[in-house]
Amino acid sequence: MMGLSKHKEEQMQHVLSRSLAVLALTVASVTTAGIASSQTATAPGATVEGDTIVFGQTAAQSGPQAPIGASKWGLEAFIASVNANGGVAGKKLRLISYDDGYQPAQTTALDKKLVYEDRVFAIVGSIGSPTTAAVYKALNEEHVPLLSMGSGSPIFYEPGLKYVFPSWPIYTTDGETMGNYVKKHFPGQAAAVIYQDDGFGKPILAGIKKSLGKVDLEIPYVPSQVDFSSAVIKLKSSGIKVVMLATIATSGAQILNQMDSLSYHPTRILTSSACGYGGIFGAIKSLEGTYCTAFLPPPGSSDPQWVEFANAMQKYGQGHPPDIYAAWGWLAGQVAYAGLEKIKGPITRDALVAQLETLRNFDTIAGKINYSPERHEGSCCQLLWQAKGGKWEIVPDSQFNGSAMK
Amino acid sequence: MQRRLVIAILVACAVLPIAFQALGQRQVYWLFVISEFYVFAIVAISLDLLMGRSGQISLGQSGFVALGAYTAAILNQRFNVDLPLGMLAGAATAAVASLVLGFPATRLRGHYLGIVTLGFGIAIDQIALKWDALTGGDQGIHLHRPALFGVDAGTPVRMYYVALVALVVAVLLVRGLTQTRIGRAFAAIKDSEVAAAAMGVPVARTKVLAFIVSAFLAGAAGGIYAFLAGFVAPEDFGIESSLLFFAMVVIGGMGSIPGAIGGAVVVDAVKNAAATVSGLSLALLGGMIVLVVLFFPGGLKGLLRTRRIRRERRPAPKGVVRQDA
Amino acid sequence: MTQFLLQIALAGLAQGSLFALTALGLVMIYNASSVVNFAHGAMGMAATYVAYVLIARFEVPFALAFAAALVAAFVLGAVVQAVFLARLRNAPLLSQVVVTLGLFMLLEGLMGIAFGYNPRPMRESIAIAPVILGDLVLRPQDVLQLALLLILGVALAAFFAATKVGLGMRAITENTYAARLMGIPVGRLLAIAWGTGVALSAVAAVLAAPTTSVTPNMMDTIVVYGFVAAIVGGFGSMAGALVGGLILGVVVNLIDAFLAPELAMSIVFGLLLLVLYVRPDGLFGRAQVQKV
Amino acid sequence: MLEARGVTVRFGGLVAVNALDLDVPDRGIFALVGPNGAGKTTLINALSRVCPVAGGTVRLGDVDVLSLPPHAAVSAGIARSFQRAELFPSLTVLENLLVGLHSTMQTGLSGALMTPASRTEEQAARARAERVLRDLDLWEVRNAAPADMPYGHQKLLDVARALVSEPALLLLDEPFAGLTEAEAPRLLACIRAAGERCAVLMIEHHFELLEGIAQRMTVMDFGQKVSEGTPASMRTDPEVIRCYLGTGRHRTAAASAC
């Protein structure tokens, strides 16, 4: 009887060691067979062979950051209108867009899916700084073009990223546009910055400091923060007259509402990422007079580019409004199209990159885009809008020309 | 019978990359996804050891994963530390951090622990975001190509085997632990702290030990994850991912290694299948947790083991008439 | 400087009253059923959508929508107790806590599916201009929050002390088994406790909505602070939860103003760990005797 | 040899055990009797370090028992059972016994690595536990869940779990409560055998049963020792008749244990 349990125990040990041995053997044989080393870094789909050019995109459609995922609909609308006009270079465009929930780990997996499983030609208009930061290096190494990501984060503008083509003005331009205007029109007034303490808010702060020299008060915050009373009280009691907000949409709305409820009415300047959404005039009561940096025409503007976009959204937007988020997607489509259109001969990734690098003064909804082999900083300039009578109007004399090539 | 099943699954996992050759370059994606799943399964097992085995709730398990991942990433980025050492350093860091949490935890009533670990998860997230000189803030850290003892391990197939071996080792370790003295002590303090103490189990020390072991495993998983993904960022380790690990353990059936792995399969599947509609996967997983607790207390593990007699009988309740009074 | 501090303290008390209201509900539920309700914030959030829909779609006056949200919250709480928790009366405590976590995910997910994650604006509860005393601004919203907290706190205390339902609940807290033997309708009282507790969470959520906007995760931060407030108050003491919430509100605002707002929650949890090291039962809690 | 002097346990204002002296020799079976609420279980809890003691000293051999942390009582030689079998439902019958051997073993986290030392120790412990199971005729159900067994077997297992560490002093809290007539003899034989090897201090109400096995009994009421002697002499003790056999005051049944 004693032996029985011992037997069982030994059997267990036996099973375990046997499974380990099986595993070790297989691993060893597979590895030595050289299968493991047969993987190379080049990604499939470098040349378009069929009659469709497939773009891939990742954008949050779920979770707290889901609103910016509306960019997908702008890109879809652009593709639909290009296809309606016969496509590009005789081929139709198609988009595969996945929801990454604004989580870099998801983006990493989904971009592998787009590149290796779906064999897309290029990644176009993916949204978010941290999500794109997770994949841009790998995509560049795999020679997959990453076009017009929804971010102005400085890391994407560094030289040497041959396959990465940002199209937003770099975030520091946001800051410089604000700072420049304040310097010119509110000289000597105490100015403060509330900024999101990350790769989005900090470059804007840097830009403001660069153009303004110094700011009197800097207040960092994180996106999860909901109550800004003490920040606003601090601004108010410090006698700040100009407040620049390097914030995302929700935080910006919360801060401005907080200011209103504390009867504090300084000059306010938002960044372009915080003021383009449709419901902003409902969400913020005291928006009148507020400034906002911008590299796109104001919603509802009569700018021909905006009109074209708005019409396409009406036709192909599947019920989504022509707001700034959708316009981001539209812009991404325009950049990709600009390169593709110029390709003569086989459509390859390298041909696309080569053509994009020759792009000069190409008209987009975000103004003129320029690339060169040395610099992939497509967009240079920002200006200001001001809220007047329930809509945004362009502020004359607010244009700032950034560091882009002249 | 069951033994054969385990070996069959193991062999299938081991030869999978050969089968995937047929997919051509598509295997790059599929191998990555499955490797990632292996790493998540390690975290599920670590949480199951803590929650299912020793009865201590943790809502911040991804905080430990984050510590492991960041430690490995920072060491790799600055000192070129490679995979095995990076993983161990990550595991050790998480274990040390768990001491800080674990000591007060032992003095807390059960439900406090859930809240304190929740706070820990949030804090790790905030600190990783804030301390960008070290962590790269929201732009994260890119790692160098992983190496194993000087051999390049950066191909999808090799990383697949790293993750698979890590999972198998984790299973064996946890299995070994639960079948010996300390593992039994974990279960004893979960079932009855008073009786456990009366049997000579130092309750507080054992609880902390469970915490440390669980954090160590989660940290190791984090270390491997950093090398697998090649990138770490704070957004990956938020409350959402802690809740996913929590769901894996509950849906799989608490206190069982196959349960935790099965739970990881279900959660991963739901997460991917329901990704198209905002909130759908959260609602589905939440609903499943509620259903499991209400109707299938054994979780997946319990569902699959229908042959066993249901353990419905409970000891006589307090106040029942004694034989002689 | 004093003006500034005073204004910060005032904002802290106003914010703290939201934490306190949430904590009061948590403690109420905990006292009756020994369960920490992790779905507390989500249930308040769900009720807020009732108010939101009534106001935005049907242009119902605020007070009426508020009342409707409270009724919805009460029903939700009572139903959750009667349908889910009652079944788990004999299950381990861990299972009961796990079920509330499942409900948290379920509710947030369902609201996400139904309304999306776009923040929806909520009108201020009272449209009166702020009162200005020197440099000090008295926001009507703040005053309303504090006043509601105090009124509800006193009402609950009176309710527990004086009514039959209150006495029954105290009996359940002491010993559920004995209470049942003595003919106290335990099930009904538990449902009332859950209903009232969730209604308190809804009060906090509706009051917070103009600041946070209405989103599926609007209560996440507030309810976590509510947990902390309840622990600091000793988890079991209503007065402790109330005071704990107010203190926490001021502390959080001081951290925002003088330390690092982006680390506020980390600092709060660090402080909480310290408090628990020194006083494992919270600042106002009593040590509990373990029963064999 | 257990020597308790002036042991006092308080719960708030209530004195549950009041300056109690108790001596238990090295071998034999000794009983604690008394009405509900007399403080018997509290005394057992105090001796096994489950509840804090307000005053007094307890020595077992050379060891100052009251200075030990709760879990160290076992290694000092004091093991106990519970009034309602406090088994570990998520472990098997055999594993429940192995937890009883916790303090006799050393294996720590190395158990996870299955080191030779830990395996040797584990096998020895299993052999020891299996021997006890076979003695008690629980061998067949060793891999069952405790909750699947009849209540009598659960009580038996509860006692066996305390016995397996071979303590010097075995504290049993109403081991026969809830058992059927058919279930009792096996437990009785087990306790009798234990009394041959070590000291058994048991709470028991069943007078006839005690007359068969107990050498001495101590009668408690209101936390104090009322009387002490052999079971036979106790039968006629007026104090015992007054308070134990219930011809006195009324008591509330709700008096809690500890």
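Chain naming here is simple, since letters A, B, ... match the order of the sequence lines and numbering starts at 1 in each.
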At a 4.5 Å cut-off on heavy atoms, which part of B:Leu59 comes close to chain C: side chain, backbone, both, or neither?
side chain
When the ring planes of B:Phe64 and B:Phe120 are compared, do they come out parallel, tilted or perpendicular, using 30° and 60° as the limits?
tilted
Measure distances from C:Val98 to the heavy atoms of chain B and classify the residue's part below 4.5 Å as side chain, backbone, both or neither.
both
Taking the inter-plane angle between the rings of C:Phe115 and C:Tyr49 on a 0 to 90° scale, is it parallel (under 30°), tilted (30 to 60°) or perpendicular (over 60°)?
parallel
Contact winner vs chain B - C:Leu272, C:Leu110, C:Leu101, C:Val228, heavy-atom pairs under 4.5 Å
C:Leu101
Less than 4.5 Å apart, side chain to side chain, heavy atoms only: is that true for B:Val267 and B:Phe40?
no
Heavy-atom distance under 4.5 Å to chain C: side chain of B:Val250, backbone, both or neither?
side chain
With side-chain contact (heavy atoms from CB on, under 4.5 Å) as the test, would you mind laying out the steps for B:Ile115 and C:Ile231 before giving the verdict?
CA-CA 9 Å; B:Ile115 297 164; C:Ile231 294 182; 3.9 Å; yes
Contact part of C:Ala264 toward chain B, heavy-atom cut-off under 4.5 Å: side chain, backbone, both or neither?
backbone
Interface residue of largest heavy-atom contact number with chain C, from B:Leu118, B:Ile239, B:Leu285, B:Leu243, under 4.5 Å:
B:Leu243
Can you check whether B:Ser58 reaches B:Leu47 side chain to side chain, under 4.5 Å on heavy atoms?
yes
Can you say whether C:Val224 sits under 4.5 Å from chain B via the side chain, the backbone, both, or neither, judging by heavy atoms?
side chain
Distance-only polar pair, side chains of C:Ser34 and C:Gln96, donor-acceptor under 3.5 Å:
no
Looking at C:Val36, C:Val35, C:Val97, which one has more heavy-atom pairs under 4.5 Å with chain B than the rest?
C:Val36
Contact summary for C:Ala208 and C:Ile222, nearest pair of heavy atoms:
CB-CD1, 3.5 Å
Which atoms of C:Leu94 approach chain B - backbone, side chain, both or neither, heavy atom under 4.5 Å
side chain
Using side-chain heavy atoms (C-beta onward) and a distance below 4.5 Å, is C:Ile255 in contact with C:Leu263?
no
Where does B:Met254 contact chain C at under 4.5 Å (heavy atoms): side chain, backbone, both or neither?
side chain
Okay, C:Leu88 and chain B: the region with an atom under 4.5 Å from a heavy atom over there is side chain
